[in-house]
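Values below: every heavy atom of this structure, side chains too, minus hydrogens, waters and symmetry copies.
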Amino acid sequence: MAPTALLAVLVALVAPGLGVAPGCDYPAQRWCSSRDIAVACQVESRCPSLPHPAAAPVELSLYYESLCPACREFLVLKLFPTWLLLPEEMLNITLVPYGNAQERNISGKLDFECQHGPEECLGNMMEACLMHEAKDFSTYFPVIFCLESGSSVTKNLEACLQIYAPEVDSGRITACVQGDTGVGLMHHNAQLTKALDPPHQYVPWITINGKHTDELQAQAEASLLGLVCHLYQ
């Protein structure tokens with residue numbers, strides 16, 4: 001008899017008061033044969049050989065501006081190295097390039113004003129379009145790291161793509177930036193930023209598992225790797 005089946009039989013013998021859970025239509029020898037059956041028969045705690053379900057990743061969202069020095073420092077020196085060090089299933093990152101920008105409707109057309117001027121608005125939109133075109137986080141994040149760590153966020157796109165994501169067409173990103181898609185992406189980022197609760201007061205603004213507190217922000221900036229490892233269950 002298989003060990004898991006034997007364990008289930010022993011459970012039935014030594015714990016006769018346990019009874020059969022409603023919805024359990026399986027004989028005792030099969031109770032520990034799969035997680036679904038163990039759940040149906042309410043005997044999960046008595047089936048130690050069952051694989052544990054994977055823990056949910058820690059969800060980190062970074063609300064930032066492309067030319068903000070503190071944002072660049074956090075992304076380049078804290079967020080990117082932490083992402084490289086951790087297994088993919090531990091950390092899920094969302095990047096929202098908008099920050100303290102202001103959205104305006106001028107004669108029915110959306111326009112954006114950024115804290116560090118028009119070049120920052122261009123950088124924000126370039127990175128939003130890069131994410132839209134590349135789609136896969138592991139493809140576009142190294143490119144954004146390259147842009148933010150370089151001498152110019154807005155002038156190094158071609159070089160960063162050649163190094164980190166040569167399969168991504170820079171022409172499509174340019175078309176996105178110059179067309180309605182880029183404007184739509186920035187409008188979406190504006191809405192995400194305005195929906196923050198509590199409202200953001202500065203950048204970078206970090207949320208962990210959908211929450212922002214001064215303590216979480218300080219911990220993320222001091223030791224992001226330690227924070228993620230502490231929170232990952």
Side-chain angles (χ1 to χ4, degrees), residues 57 59-76 78-80 82-84 88 91-196 199-200 203-207 210:
E59 300 281 345
L60 184 149
S61 294
L62 174 64
Y63 296 81
Y64 71 105
E65 300 168 347
S66 63
L67 298 188
C68 159
C71 299
R72 298 176 76 173
E73 179 180 355
F74 178 76
L75 190 151
V76 171
K78 304 289 179 63
L79 187 58
F80 188 74
T82 299
W83 175 72
L84 287 177
E88 183 178 349
L91 180 61
N92 186 41
I93 300 171
T94 299
L95 301 175
V96 185
Y98 186 81
N100 295 325
Q102 297 294 321
E103 183 180 55
R104 304 172 298 178
N105 189 319
I106 301 176
S107 301
K109 184 177 181 180
L110 291 179
D111 187 56
F112 303 93
E113 183 175 348
C114 295
Q115 183 174 358
H116 298 92
E119 186 177 5
E120 180 167 78
C121 283
L122 175 59
N124 290 345
M125 192 177 292
M126 284 177 60
E127 294 184 3
C129 284
L130 168 64
M131 289 185 254
H132 176 73
E133 293 298 331
K135 295 180 174 59
D136 182 68
F137 186 85
S138 62
T139 299
Y140 64 71
F141 192 33
V143 180
I144 291 177
F145 161 79
C146 178
L147 293 173
E148 294 292 342
S149 61
S151 58
S152 172
V153 171
T154 59
K155 296 178 182 177
N156 291 336
L157 177 62
E158 195 72 47
C160 289
L161 284 175
Q162 289 179 6
I163 296 170
Y164 290 103
E167 71 275 18
V168 177
D169 183 1
S170 63
R172 293 181 62 87
I173 297 173
T174 300
C176 170
V177 169
Q178 295 175 349
D180 293 338
T181 301
V183 174
L185 292 171
M186 293 313 300
H187 174 64
H188 177 66
N189 286 351
Q191 291 180 313
L192 290 177
T193 304
K194 291 174 183 176
L196 284 168
H200 88 284
V203 286
W205 187 261
I206 302 162
T207 67

Distance in Å, Asn189 CG paired with Glu103 CD, rounded so as to fall on 0.5 Å steps: 10.0 Å
Polar side-chain atom of Ser152 near backbone of Lys155 as donor-acceptor pair, under 3.5 Å: yes
Heavy atoms of other groups near Lys109 NZ, more than 12 under 6.0 Å: no
Nearest heavy atoms of Ser66 and Val153, plus distance in Å: O-CG2, 3.6 Å
From OG1 (Thr181) to CD (Glu133), nearest 0.5 Å: 7.5 Å
Side-chain (Asn156) to main-chain (Ala159) donor-acceptor, under 3.5 angstrom: no
Minimum heavy-atom distance Arg104-Phe112, with the two atoms named: NH2-O, 4.3 Å
Polar side-chain atom of Asn100 near backbone of Gln115 as donor-acceptor pair, under 3.5 Å: no
Atom of Val203, atom of Gly99 and distance for their closest heavy-atom approach: CG1-CA, 3.7 Å
Chi angles and distances behind the side-chain contact (heavy atoms from CB on, under 4.5 Å) call for His116, Cys68: CA-CA 7 Å; His116 298 92; Cys68 159; 4.0 Å; yes
Residue pair Met125 / Val183: nearest heavy atoms and the distance that separates them: CE-N, 4.2 Å
Evaluation steps, side-chain contact (heavy atoms from CB on, under 4.5 Å), between Leu62 and Leu79: CA-CA 9 Å; Leu62 174 64; Leu79 187 58; 3.8 Å; yes
Basic-acidic side-chain contact under 4.0 Å: Lys78, Glu73: no
For Phe80, all residues meeting ring-ring contact (aromatic ring centres under 6.0 Å, His included), sequence neighbours excluded: Trp83, Phe141, Phe145
Candidates Glu65, Glu148, Glu120 - the one meeting salt bridge (charged side-chain N to carboxylate O under 4.0 Å, His left out) with Arg72: Glu148
Over 12 foreign heavy atoms within 6.0 Å of CG, Asn105: yes
Pair listing, disulfide (SG to SG under 2.5 Å) test, anchored in residues 139-171, at least two apart: Cys146-Cys160
Any donor-acceptor N or O pair under 3.5 Å, side chains Gln191, Tyr98: no
Greater than 12 external heavy atoms within 6.0 Å of Glu167's CD: yes
